[in-house]
Number of protein chains: 4
Amino acid sequence: MTTVGVGMVGHAFMGRAHSQAWRSVGPFFGPPLTPVMAVLAGRSAERAGAAAAALGWATVETDWKELLRRDDVQLVDICTPGDSHAEIAVAALDAGKHVLCEKPLANSVAEAEAMAAAAERARARGVRSMVGFNYRRVPAVTLARKLVDEGRIGTVRHIRAQYLQDWLSDPEAPFTWRMDRDKAGSGALGDIGAHIIDTAQFITGQSLAGVSALLDTFVPERPVPGGGTARVTVDDAALFIGRTDAGALATFEATRFATGRKNSLRIEVSGSSGALAFDLESLNELWFHDAAEDPRTAGFRRIVVTEPVHPYAGHWWPPGHILGYEHTFTHQLADLLTAIADGADPRPSFADGLQVQRVLAAVADSAASGRWVDVEGSE
Amino acid sequence: MTTVGVGMVGHAFMGRAHSQAWRSVGPFFGPPLTPVMAVLAGRSAERAGAAAAALGWATVETDWKELLRRDDVQLVDICTPGDSHAEIAVAALDAGKHVLCEKPLANSVAEAEAMAAAAERARARGVRSMVGFNYRRVPAVTLARKLVDEGRIGTVRHIRAQYLQDWLSDPEAPFTWRMDRDKAGSGALGDIGAHIIDTAQFITGQSLAGVSALLDTFVPERPVPGGGTARVTVDDAALFIGRTDAGALATFEATRFATGRKNSLRIEVSGSSGALAFDLESLNELWFHDAAEDPRTAGFRRIVVTEPVHPYAGHWWPPGHILGYEHTFTHQLADLLTAIADGADPRPSFADGLQVQRVLAAVADSAASGRWVDVEGSE
Amino acid sequence: MTTVGVGMVGHAFMGRAHSQAWRSVGPFFGPPLTPVMAVLAGRSAERAGAAAAALGWATVETDWKELLRRDDVQLVDICTPGDSHAEIAVAALDAGKHVLCEKPLANSVAEAEAMAAAAERARARGVRSMVGFNYRRVPAVTLARKLVDEGRIGTVRHIRAQYLQDWLSDPEAPFTWRMDRDKAGSGALGDIGAHIIDTAQFITGQSLAGVSALLDTFVPERPVPGGGTARVTVDDAALFIGRTDAGALATFEATRFATGRKNSLRIEVSGSSGALAFDLESLNELWFHDAAEDPRTAGFRRIVVTEPVHPYAGHWWPPGHILGYEHTFTHQLADLLTAIADGADPRPSFADGLQVQRVLAAVADSAASGRWVDVEGSE
Amino acid sequence: MTTVGVGMVGHAFMGRAHSQAWRSVGPFFGPPLTPVMAVLAGRSAERAGAAAAALGWATVETDWKELLRRDDVQLVDICTPGDSHAEIAVAALDAGKHVLCEKPLANSVAEAEAMAAAAERARARGVRSMVGFNYRRVPAVTLARKLVDEGRIGTVRHIRAQYLQDWLSDPEAPFTWRMDRDKAGSGALGDIGAHIIDTAQFITGQSLAGVSALLDTFVPERPVPGGGTARVTVDDAALFIGRTDAGALATFEATRFATGRKNSLRIEVSGSSGALAFDLESLNELWFHDAAEDPRTAGFRRIVVTEPVHPYAGHWWPPGHILGYEHTFTHQLADLLTAIADGADPRPSFADGLQVQRVLAAVADSAASGRWVDVEGSE
């Protein structure tokens with residue numbers, strides 16, 4: 001049994017989600033490489049130690065650089081805020097460690113370019129990298145991609161994508177690092193907007209070529225726990241319309257002010273011969289319309305994506321026994337470990353992450369200028 | 001019993017819908033003025049005669065101008081394509097006839113301005129006018145307006161509006177006057193985009209102040225029944241984002257290429273203390289989230305808008321017995337006849353129709369220029 | 001143009017619904033016989049006169065027997081409570097008038113037998129009769145019947161039928177004739193239970209052969225408007241399980257105490273190779289699962305039953321423009337008038353109504369005895 | 001840190017689900033007792049060894065009796081078919097081991113009585129027992145129970161419960177032990193019927209007092225993998241109606257022939273002042289209607305049960321990040337471990353399991369006799 005030693009950096013929300021995936025990927029997927037949860041890095045020895053005990057990591061480091069020196073670490077899993085992604089990822093790749101990096105890849109195009117370059121260098125030496133757009137691995141989303149790829153909806157004409165949350169709808173919700181541009185890069189745009197950009201591009205196999213955008217901050221000042229207030233330096237909501245490189249029309253909205261919507265990532269794709277619809281709040285379902293059907297019995301079908309023939313589903317439970325949010329991370333690791341074992345490049349790559357970063361930059365530029373902006377790198 | 005003689009111009013889709021409303025408004029609403037279906041105007045005596053017999057009109061004219069001369073006509077109902085609205089409406093108003101005009105008000109801002117001016121002149125003489133944005137009278141939409149007006153969702157922050165149809169999704173669908181700019185003014189934009197603009201503005205009580213837009217024609221050439229093809233000179237789809245005069249963010253999409261969606265007009269409004277959602281394919285339902293509820297039991301409520309306390313519903317059937325598309329036209333007439341009897345101005349007025357026309361123009365300008373465009377008349 | 005003179009007896013809820021259908025069937029269906037709304041019969045001249053004026057009936061009679069003597073009446077439409085159905089229908093048929101009788105056919109099996117016998121006698125003379133189970137003419141229900149008939153769901157194995165209302169859920173809801181056994185025959189059982197029995201048998205083409213049942217009255221005493229209380233002598237709720245003549249298992253529930261459900265008639269049918277589901281609160285939708293589909297893309301399809309290829313729908317509006325409750329009555333008349341013109345027997349016949357009455361009787365017997373009861377006439 | 005050594009018997013579907021829960025309960029719930037996955041018992045050393053390696057169990061035994069002798073085992077988790085539950089559970093309890101036993105508790109009332117007696121004996125010595133009706137720990141179901149308990153829906157009047165699967169709909173689906181009465185006790189009735197009986201009784205706090213039932217076997221002979229056929233000696237479907245000890249009316253259906261329904265456990269409860277609805281295929285949602293609301297805005301609310309204030313949810317992810325089927329087992333263990341640490345009796349107890357067994361027996365008796373049957377122990 002070949003193993004791969006894993007070092008994880010960060011142990012907040014994403015660290016907990018990744019840990020559950022590292023614990024689960026073996027029992028359910030029996031991957032060709034067995035992960036060993038070797039070390040957890042966190043700045044506070046105390047907090048990292050408690051997290052490691054709770055989450056199942058064998059040892060702790062307080063400086064992530066130590067991970068690069070440890071022989072028992074072959075893979076670095078980056079779960080920190082976006083401002084440290086570039087430094088850690090580039091160093092890890094240059095040190096010959098495989099890297100899984102949470103999304104968005106970076107806080108700027110420049111950082112993302114450096115990371116993609118490092119990934120390309122590392123690749124030549126057989127070192128793999130992947131960015132954690134986990135929603136690609138929702139079985140319904142993976143199935144949607146396959147159906148588009150097989151031509152089941154024909155030529156894609158429309159993408160409508162929304163990521164709706166409401167945790168900032170209350171003006172008294174407290175200030176966190178996610179509202180600080182220096183830490184987070186942007187607000188709803190990079191946090192959840194990046195997810196719908198990646199997921200929509202993944203499903204359609206098309207890339208956004210240009211956009212017109214609006215960003216806004218509804219509540220510019222928020223209370224800081226402990227006293228005082230802080231200025232919100234990121235967007236509360238991001239809206240844009242655009243066109244893909246293949247000529248489809250797209251509309252996107254990412255907001256933290258969609259009152260009553262907790263985590264509703266919705267994507268609908270209309271094609272010349274079919275359509276697909278998805279909502280993350282019902283993540284076990286894919287809606288599919290086949291325009292070739294007899295109009296008498298045609299309609300959107302609610303596919304419960306839990307059959308053995310569905311992506312990933314057969315590794316879990318019998319049909320109809322639904323999966324949750326966290327399973328996407330386990331799927332991600334199953335694919336990552338398989339790619340490493342096979343000497344293949346996992347997707348989404350850092351180049352994919354860079355492309356998303358360029359879309360984010362075009363959105364920000366368009367919102368600032370009030371003009372259509374082409375996405376860098378699109379022809 | 002006071003009556004009002006009605007002359008209707010046009011007897012296609014809208015003429016059939018209006019006729020059913022003229023027949024039904026008496027039995028169900030018992031309005032203060034009883035309509036008399038006096039005369040139907042259509043260019044072909046034969047076709048108009050057959051339509052009058054089928055739809056319940058007493059007599060026929062082949063020139064709409066005759067309606068203005070007839071003493072038994074006090075109200076002209078305009079159901080023709082948009083290119084003739086201005087001429088008929090201005091003449092009718094100037095002749096002292098009340099006017100109900102189908103939407104969109106006109107094919108251009110200039111025409112709409114002339115019509116609004118005529119309406120203003122007529123108003124001074126007690127002559128009433130109304131534009132037929134019938135979806136304001138879907139009981140769920142009227143209820144949504146009331147809830148916003150009562151402050152039940154607080155400050156409006158987001159509008160997301162879609163009008164999705166798919167009857168042109170097939171490239172072989174035949175050419176009709178609706179694809180001809182000279183007749184129709186625009187495509188999806190004016191036909192169904194106008195509906196979501198009016199409905200969203202009506203529900204929120206806010207007006208669009210500026211927009212960034214995209215228009216596209218996916219299928220530029222279509223077969224003509226009988227042979228040959230014709231050039232499509234209007235948009236197949238219209239997308240825009242915008243900001244209201246009160247600072248809410250809005251996203252709109254109107255398309256005839258949303259495969260599998262037959263007549264799905266969806267509006268969701270997020271406010272600081274609640275939210276509303278509606279879909280015309282389920283027109284008896286309004287979804288309402290009250291953010292003031294205990295979070296343990298909070299959620300979007302499916303209100304079946306068929307109770308006696310709901311707008312219009314008590315005039316029809318017992319609770320839970322649902323209404324259909326055509327009922328909105330009956331509600332429209334009930335309100336129009338009441339306004340005329342009361343000497344009040346019905347809404348939506350021609351001024352409301354003009355404002356929608358200005359939004360349509362701003363959308364077209366923005367799509368052409370790739371820039372943000374302010375809506376004329378917004379401050 | 002051949003006409004048929006109509007006399008209607010009763011002008012309450014059902015009278016209003018039937019009147020709207022008599023007004024609408026011409027414009028939308030252009031039936032081979034044009035109905036003339038000749039006379040409305042009601043016991044009070046004043047109330048009947050007001051109703052006739054509002055609903056569009058030309059004249060009024062205060063004794064329904066006069067209708068049988070009038071030459072301008074060829075068809076009698078019975079919209080009275082169930083206790084008078086038998087007398088009126090038998091007399092009308094024997095007088096050579098076609099009869100449309102509201103459901104349930106009668107308040108007892110004996111009455112229903114007499115009516116079915118009268119229908120059989122009349123039939124020999126070319127006089128037609130029909131019982132008003134209008135939900136057979138919901139387009140989605142008619143389509144469901146066709147799909148079963150075509151074998152699209154294979155052998156029927158399960159029927160699950162519910163008719164859920166809540167208008168008696170409040171113990172203070174007032175006493176009406178519907179709670180009086182002498183007038184109404186039974187409570188939820190005959191009023192709404194009869195509907196799901198007929199609709200389920202219609203869709204499946206099978207008949208209930210035996211049942212085990214429970215009836216209950218939750219609130220035995222109710223306030224009488226004006227003062228005092230009255231004893232409720234009918235069931236508030238009726239539950240039964242049963243087996244059809246073809247061996248399918250069935251479960252039925254009819255109740256006026258399903259809090260929050262206003263008019264929810266739900267039927268799901270599971271077959272060996274497919275399934276169907278329907279809810280009257282969303283009456284434009286039929287859900288269809290085809291078990292022959294690739295399991296990867298199989299699922300219940302939401303068919304929006306508004307296409308030209310769908311039953312009845314093409315006579316109304318374009319695709320996606322939904323119909324309401326009342327349209328079912330218009331469809332019923334279109335079929336009735338066509339059958340009369342064609343010299344054919346319309347369905348559901350009085351024999352069909354009698355069979356439903358026998359199921360109702362078996363349910364009552366089983367509830368009283370606590371034993372399985374075979375339905376009379378089943379082999 | 002106090003630990004509890006766990007020995008699990010069986011490693012098929014339920015063994016995999018329980019193992020994932022044993023691995024997850026620590027990281028997410030930090031229970032007062034930390035479980036140690038000490039030993040897995042299975043008849044085949046080879047298969048048990050492979051399962052133990054995959055699922056995270058430290059050692060293996062091929063005779064479950066060895067578990068009772070091991071000092072490192074304080075808790076026995078029984079995941080075998082129903083025919084061995086009684087022997088293992090009684091022996092384990094008598095040996096002083098806490099017991100978690102999968103549902104249904106046993107294959108007969110006699111066995112269940114013996115088990116409940118053993119549990120009662122053990123309880124006197126501080127030894128705890130629990131039966132694995134895991135759906136009580138779906139957060140939405142637990143919330144439903146709380147709302148009923150708080151009086152939010154008033155007096156319960158109706159229960160409608162369905163457990164719909166379709167894995168036997170195909171006559172060619174192979175024979176397994178679940179179709180063998182000797183192994184499984186019964187078919188749909190004990191397997192999934194037991195779940196809806198327990199869940200409905202749990203939510204309402206009421207017990208079934210009597211029933212009328214139907215059982216059927218649609219496909220009496222099935223292919224055996226490897227060749228030949230075997231006789232199905234259990235029910236394919238079970239339907240019953242009944243009355244609770246508090247006078248509510250109930251309807252239940254459990255079937256493996258509900259074509260297109262994969263794992264749809266639906267429960268709707270109507271009360272005098274509210275109602276609740278749930279579907280396991282959307283297990284993160286609870287629908288709640290509050291009849292005390294203003295009728296203008298009343299309706300079933302879709303509560304997304306993922307808020308920190310909801311049962312169990314706060315231990316997992318942020319709001320809107322949904323849970324899956326397997327999480328219920330983790331919740332079950334968190335409560336079991338807490339109860340053991342607190343010296344309290346966990347629920348559902350073996351007495352609860354016995355009561356469900358008595359309902360199952362009454363259903364079978366009624367189906368056989370065609371008569372109403374009182375549930376043993378109900379007064």
Side-chain angles (χ1 to χ4, degrees), chain B residues 138-154 203 268-271 273-279 282-322, chain D residues 138-154 203 268-271 273-279 282-322:
Chain B
V138 172
V141 170
T142 313
L143 177 59
R145 170 63 198 139
K146 283 179 192 287
L147 294 176
V148 172
D149 200 39
E150 294 166 11
R152 296 294 295 275
I153 67 164
I203 290 175
E268 179 165 332
V269 182
S270 307
S273 61
L276 294 163
F278 171 76
D279 186 337
S282 302
L283 73 79
N284 294 270
E285 301 171 19
L286 180 67
W287 293 80
F288 170 50
H289 174 77
D290 182 348
E293 280 169 10
D294 177 354
R296 217 173 49 130
T297 51
F300 275 85
R301 301 174 199 176
R302 174 180 175 262
I303 307 173
V304 181
V305 190
T306 55
E307 297 285 316
V309 294
H310 288 142
Y312 306 108
H315 290 269
W316 297 97
W317 314 112
H321 291 67
I322 74 169
Chain D
V138 172
V141 170
T142 313
L143 177 60
R145 168 64 198 138
K146 283 178 193 287
L147 294 176
V148 172
D149 200 39
E150 294 167 11
R152 296 295 296 275
I153 68 164
I203 290 175
E268 179 165 332
V269 182
S270 307
S273 61
L276 293 163
F278 171 76
D279 186 337
S282 302
L283 73 79
N284 294 270
E285 299 171 20
L286 180 67
W287 293 80
F288 169 50
H289 174 76
D290 182 349
E293 279 168 11
D294 176 356
R296 216 174 47 132
T297 51
F300 275 85
R301 301 173 199 178
R302 175 180 175 261
I303 307 173
V304 181
V305 190
T306 55
E307 296 286 315
V309 294
H310 288 141
Y312 306 108
H315 290 269
W316 298 97
W317 313 112
H321 290 67
I322 74 168

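Order of the sequence lines sets the chain letters (A, B, ...), proteins ahead of strands, with each chain counted from 1.
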Which one, Glu150(B), His289(B), Glu307(B), leads in non-hydrogen pairs under 4.5 Å with chain D? Glu150(B)
Got a donor-acceptor contact below 3.5 angstrom from the Thr306(B) side chain to the Pro319(B) backbone? no
What pair of heavy atoms forms the shortest contact from Ala275(D) to Ser270(D), and how long is it? CB-CA, 4.1 Å
Provide the closest heavy-atom pair for Val305(D) versus Ala313(D) in the form atom of the first, atom of the second, distance. O-CB, 4.0 Å
Check each atom of Glu285(B) against the heavy atoms of chain D and say whether the ones under 4.5 Å are side chain, backbone, both or neither. neither
Is Phe300(B) close to chain D through its backbone or its side chain, or both, or neither, when contacts mean heavy atoms under 4.5 Å? backbone
Would you name the heavy atoms of Leu283(D) and Ala140(D) that are closest together and state the gap between them? O-CB, 3.8 Å
Sort Leu147(D) into side chain, backbone, both or neither according to what part of it lies under 4.5 angstrom from a heavy atom of chain B. side chain
Comparing His310(B), Arg296(B), Arg302(B) against chain D, the one with the most heavy-atom pairs below 4.5 Å turns out to be Arg296(B)
Evaluate the side-chain proximity of Phe278(B) to Ile203(B): yes if any heavy-atom separation is below 4.5 Å, no if none is. no
